[in-house]
Structures are given as structure tokens and as C-alpha cells.
Peer 1: 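My structure is below; once you've seen it, I'll send some questions.
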Protein chains: 2
Amino acid sequence: MVRLSKLTDYASVILAQMARQPDVLWSAGQLSEDSSVPKPTCIKLLKLLVKGGVLNSTQGARGGYSLARPPSQIPVKTIIEAIEGPTAITECGTDETLCRLTDHCSVMSRWRELGDQVDHILTKTTLEDLISPHTLYARSDRRIETLEVH
Amino acid sequence: MVRLSKLTDYASVILAQMARQPDVLWSAGQLSEDSSVPKPTCIKLLKLLVKGGVLNSTQGARGGYSLARPPSQIPVKTIIEAIEGPTAITECGTDETLCRLTDHCSVMSRWRELGDQVDHILTKTTLEDLISPHTLYARSDRRIETLEVH
DNA sequence: TTGATATAGGACCTATTCAGTCCTATATAA
DNA sequence: TTATATAGGACTGAATAGGTCCTATATCAA
């Protein structure tokens, strides 16, 4: 149901480190060393995060990576999607037979609504929250309030 | 991030059908036919749902399956876990090296809190909601209110 | 008692996805 | 020009998901 892939786990640790010193230009080697993530894997993650708009990169000698935005403006949803790709709660459309069932599509719209609620949480929570020493629940501005109908 | 496996998708369609006529004893063959889910797979799902406490089964000729509880008392979380097994947001413990990092465990507790919020939604939403023709948002008793700190 | 009809439980195979590695190209600074 | 970075891709092995099949057991009816 809700599971972080190992790579997202790694990425969040790497990003947490970067977020604590947002002005440093980090090299892949440095990040790999500090985070214990094997260098090839670390490099792969950094590339994905650049592609996903989470990081900026500077090429060449003395180059490296830095956060593209302040931690408070990086939703965890963005991080997850950068690593795992865009993910809907159901693909729907793969199985034509099922989709013709009366039940199927109505049940699926409920699932999709559930997915929206989860999305809402993941969008509201940011990298800043991840590195905070305080529980999410303690922050009134981060509590999940009644959802609005759009 | 949040994705229904195909099998959970199938299971929800099957359960939706059963929920609309809760007093019928359904045979696997009947359910397979009505839901377009291939019989072997359908049977597998039904077994998992029995094991997970969602369904009751009656063996022998004229046997079959029925809901173990009223739809309003079957959280979707129970359904998901019956099919996909218990799933935590991170395994944690698989990678000893990462776990020794100062950052890692604090970041992971935030992820875990996020997981708890999602859990909360999945526990509050039931099979009854899934088969409802009305959007989840329209039901005030199903809206996600401020979470409590335990 | 026997046969037909169900579920129970497990083994098993295959396809897809995930994790991880490696190679070559390109950009930059000294 | 060389050393040091990232960029982009191909590739491999492992893990998981999806799907099938076989044998055992329980129940009902003739």
C-alpha cells in the first residue's frame, strides 16, 4: 500500500543532509561517503533528483549539487516522484474487460479519491518537515484538516 | 508511493459485488464469472480474503463465500493487507549501515508518521464507502479531521 | 456409501519491476 | 591540456507480483 522504495529512502537521507547546509555545493563523492550510499547508486539518485527539479547541478571540476529550492518548498511528493516516477493509485485501462463492469469504475473512483487524500498529505509535507526534530503532529500548520471538495 | 496491486483491484471489485447482496453465499465460479477475474486467480484471492478475516467460507457442495462482517465494518486497510500482506512504510533494519547514520533514523520517524496518517485514512474508509455512489468528500463522517497525538 | 461439488493449502512458473553497476560523453577549472 | 566533475544511457542480477495447477478435504444428495 504505502511503501518507500529503498532508493527513495536513500534519497531522503541524502536530501536531509543537503537541507541542513543548503548553501554548500555537494559533490557526489562527498554525499556518498557521508550517507553510506554506494557511489554508483548515489550518482544515479542525484541525476534523478536533478531531472525531477529537486536539485540543481553544476558540471565540471568543482561542480556538484545543491537544492533547487528551500526545503520548505520541496514537497515529499516531488521527491518520491523524482525517484519512483509518477504513480497513480490504479493504472486503469490495462484491463479492458474489467473496465466494462458496472461495479469496476465506480469502485475505482472511490479508490482514486482515497489516492487524492494521500496525495494531499504528501504535497503538504515538505523536506523541511522531514528534517525537523519535531513530530509532524506537533505542528498545527501541518495537521491534516478537513479536505475540501473541488 | 500509493499503488493498488492488480490483485487488490480485482479483490475490491469482487468484494463490492458481494457487499451489494450480503446475504448470498457466493461460489468462486459465480464470482469469477461476474467479475471477469480468471477463476484460478479469483480462487486465490478468495482464499487470501478468508485468511485475512474479510470473508467466511463454507466448504463442500453448495458451499461458498460470504462477508465476515457488514461492509461498514470492513476497513479498506484490512482488504489491502489481506491481499498484499502487512506493509510498513520502510522495512528499516535491512540496511545496518544506513541505520547508524545520525540523519537516517530521524528522517525515518518522519516518514513513519506520514505512513500513520495514510493508515488513518485507510482504516477510516470501509468497504461500504467503496460501493457508495457518493464521493467520500460528501460524507461528513468520513472526512479526515485533525489527527490526534497518541 | 458413493459421487459430484465446493473450498484448503501449497508448489510452481513467468513476467515485470527494482536495485545496483558500468561505460562513454561532456562540461569546467587550474 | 589534464584532472575532476556531472550527463546519459545500457546492462545485469535479484526480488516481487501475477497467474496456474495439483492434491487433499469437507459437504450434500442420490
Side-chain angles (χ1 to χ4, degrees), chain A residues 1 3-11 13-14 18 24-33 35-66 68 80-87 90-91 94-95 97-98, chain B residues 1 3-11 13-14 18 24-33 35-66 68 80-87 90-91 94-95 97-98:
Chain A
M1 64 176 146
R3 188 125 118 261
L4 286 190
S5 78
K6 263 192 196 177
L7 291 180
T8 308
D9 176 352
Y10 297 163
V13 174
I14 292 171
M18 298 178 78
V24 175
L25 194 63
W26 301 85
S27 74
Q30 183 70 48
L31 288 168
S32 158
E33 209 173 294
S35 68
S36 308
V37 176
K39 199 169 173 185
T41 303
C42 183
I43 289 177
K44 182 183 187 173
L45 290 172
L46 293 167
K47 287 174 191 170
L48 287 171
L49 291 168
V50 169
K51 206 172 171 189
V54 176
L55 297 180
N56 285 330
S57 66
T58 310
Q59 284 199 4
R62 299 206 164 192
Y65 298 91
S66 60
I80 296 175
E81 291 199 328
I83 304 298
E84 305 182 16
T87 47
T90 37
E91 301 110 283
T94 47
D95 198 325
T97 338
L98 271 183
Chain B
M1 63 177 146
R3 188 124 120 262
L4 286 190
S5 78
K6 263 191 196 177
L7 293 179
T8 309
D9 176 352
Y10 297 163
V13 174
I14 292 170
M18 298 178 78
V24 175
L25 192 62
W26 300 86
S27 75
Q30 184 70 49
L31 288 169
S32 157
E33 207 173 298
S35 67
S36 309
V37 176
K39 199 170 174 186
T41 302
C42 183
I43 290 176
K44 181 183 186 174
L45 289 172
L46 293 167
K47 287 175 191 169
L48 286 172
L49 290 168
V50 169
K51 205 173 173 189
V54 176
L55 298 179
N56 285 330
S57 66
T58 311
Q59 284 199 2
R62 299 205 166 192
Y65 299 91
S66 59
I80 295 176
E81 290 199 328
I83 305 298
E84 307 182 15
T87 47
T90 37
E91 302 109 282
T94 46
D95 198 325
T97 338
L98 271 183

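Please read these numbers as outputs of a predicted model, since none were measured by experiment. Letters A, B, ... mirror the listed sequences (proteins, then strands); counts begin at 1.
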Peer 1: Name all residues meeting the side-chain hydrogen bond (donor to acceptor under 3.5 Å, both in side chains) criterion together with Thr8(B); count only those two or more places apart in sequence or in a different chain, and write none if there are none.
Peer 2: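 Result, side-chain hydrogen bond (donor to acceptor under 3.5 Å, both in side chains) vs Thr8(B): Ser5(B), Glu84(B).
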Peer 1: Whole angstroms only, please: what is the CG-P distance between Leu31(A) and dA5(D)?
Peer 2: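 It works out to 12 Å between those atoms.
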Peer 1: Where the side chain of Lys47(A) is defined as all heavy atoms beyond and including C-beta, which of dA19(C), dT7(C), dA7(D) is the nearest nucleotide?
Peer 2: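 Of the candidates, dA7(D) comes closest.
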Peer 1: Counting any heavy atom closer than 4.0 Å, what does Gly64(B) reach on the DNA or RNA strands: base, sugar-phosphate only, or nothing?
Peer 2: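 Gly64(B): backbone/sugar contact only, no base atoms under 4.0 Å.
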Peer 1: On the nucleotide dG19(D), are OP1 or OP2 found under 4.0 Å from the side-chain N or O atoms that Tyr10(B) carries?
Peer 2: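 So the side-chain polar atoms of Tyr10(B) do come within 4.0 Å of the phosphate oxygens OP1 or OP2 of dG19(D), strictly under.
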Peer 1: In terms of side-chain heavy atoms of Leu7(B), which of dT21(C), dG19(D), dA19(C) is nearest?
Peer 2: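 Taking heavy atoms from C-beta onward, the closest nucleotide is dG19(D).
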Peer 1: To the side chain of Ala28(B), which of dT20(D), dT21(C), dT7(C) is closest?
Peer 2: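 Shortest atom-to-atom distance from the side chain points to dT7(C).
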Peer 1: Assign each of Leu46(B) and Ile43(A) to its nearest nucleotide of DNA chain C by heavy atoms, then name whichever residue's nucleotide is nearer the 5' end.
Peer 2: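 Mapping each residue to its closest nucleotide by heavy atoms, the 5'-most match is Leu46(B).
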Peer 1: Respond yes when some side-chain nitrogen or oxygen of Ser27(A) is under 4.0 Å from OP1 or OP2 of dT4(D), and no when none is.
Peer 2: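 For dT4(D), neither OP1 nor OP2 has a side-chain N or O of Ser27(A) closer than 4.0 Å.
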Peer 1: What is the per-nucleotide protein-contact pattern of nucleotides 24-30 of chain D, from the 5' end, where B denotes a base atom under 4.0 Å from a protein heavy atom, S denotes such proximity for sugar-phosphate atoms only, and - denotes neither?
Peer 2: -BBBSS-
Peer 1: Given dT6(D), dT20(D), dT21(C), which nucleotide is nearest the side-chain atoms of Tyr65(A)?
Peer 2: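 Closest of the options to the side chain of Tyr65(A): dT6(D).
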Peer 1: Let me know the distance between CG of Leu49(A) and C1' of dA7(D), rounded to the nearest Å.
Peer 2: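 Result: 14 Å.
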Peer 1: For Tyr65(B) versus Met18(B), what's the shortest heavy-atom pair and its separation?
Peer 2: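 Looking at all heavy atoms of both residues, the shortest contact is O-CE, 3.5 Å.
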Peer 1: Quick one: which of dA8(C), dT21(C), dT20(D) gets closest to the side chain of Ser57(B)?
Peer 2: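 For the Ser57(B) side chain, the nearest candidate turns out to be dA8(C).
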Peer 1: Side-chain contact test, heavy atoms from C-beta onward, threshold under 4.5 Å: evaluate it for Val37(B) versus Val13(B) and give yes or no.
Peer 2: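 Not in contact.
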Peer 1: Using whole Å, report how far CD of Gln30(A) lies from P of dT6(D).
Peer 2: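 The answer, rounded to whole Å, is 11 Å.
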Peer 1: Is Ser32(A) reaching over with its side chain to a backbone N or O of Ala28(A), donor-acceptor style, under 3.5 angstrom?
Peer 2: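 Here the side-chain-to-backbone pair does not exist.
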Peer 1: Could you tell me the separation between the NZ atom of Lys44(A) and the C1' atom of dC11(D), rounded to a whole number of Å?
Peer 2: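 About 11 Å, once rounded to whole Å.
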Peer 1: Whole angstrom is fine here: how far is it from CD1 in Ile83(A) over to C1' in dT17(C)?
Peer 2: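 These atoms are roughly 16 Å apart.
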Peer 1: List the atom of Leu49(A), the atom of Ala82(A), and the distance in Å for their closest heavy-atom pair.
Peer 2: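 Closest pair (atom of Leu49(A), atom of Ala82(A), distance): CD2-CB, 4.1 Å.
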Peer 1: Take the protein atom CH2 of Trp26(A) and the nucleotide atom P of dT6(D), then report the distance between them rounded to whole Å.
Peer 2: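 Roughly 13 Å, once rounded to whole Å.
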Peer 1: Hey, could you give me the CG/CD1 distance between Leu7(B) and Ile80(B), rounded to the nearest 0.5 Å?
Peer 2: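 Separation between the atoms: 13.0 Å.
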Peer 1: What's the CG-P distance between Asn56(A) and dA5(D), to the nearest Å?
Peer 2: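 After rounding, the reported distance stands at 19 Å.
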Peer 1: Under the side-chain hydrogen bond (donor to acceptor under 3.5 Å, both in side chains) rule, collect the residues that match up with Gln30(B), sequence neighbours excluded.
Peer 2: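 Testing Gln30(B) for side-chain hydrogen bond (donor to acceptor under 3.5 Å, both in side chains), a comparison that skips the adjacent residues, returns Asp34(B).
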Peer 1: Expressed as a whole number of angstroms, how long is the span from Lys6(B):NZ to dA17(D):P?
Peer 2: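 So the two atoms are 14 Å apart, to the nearest Å.
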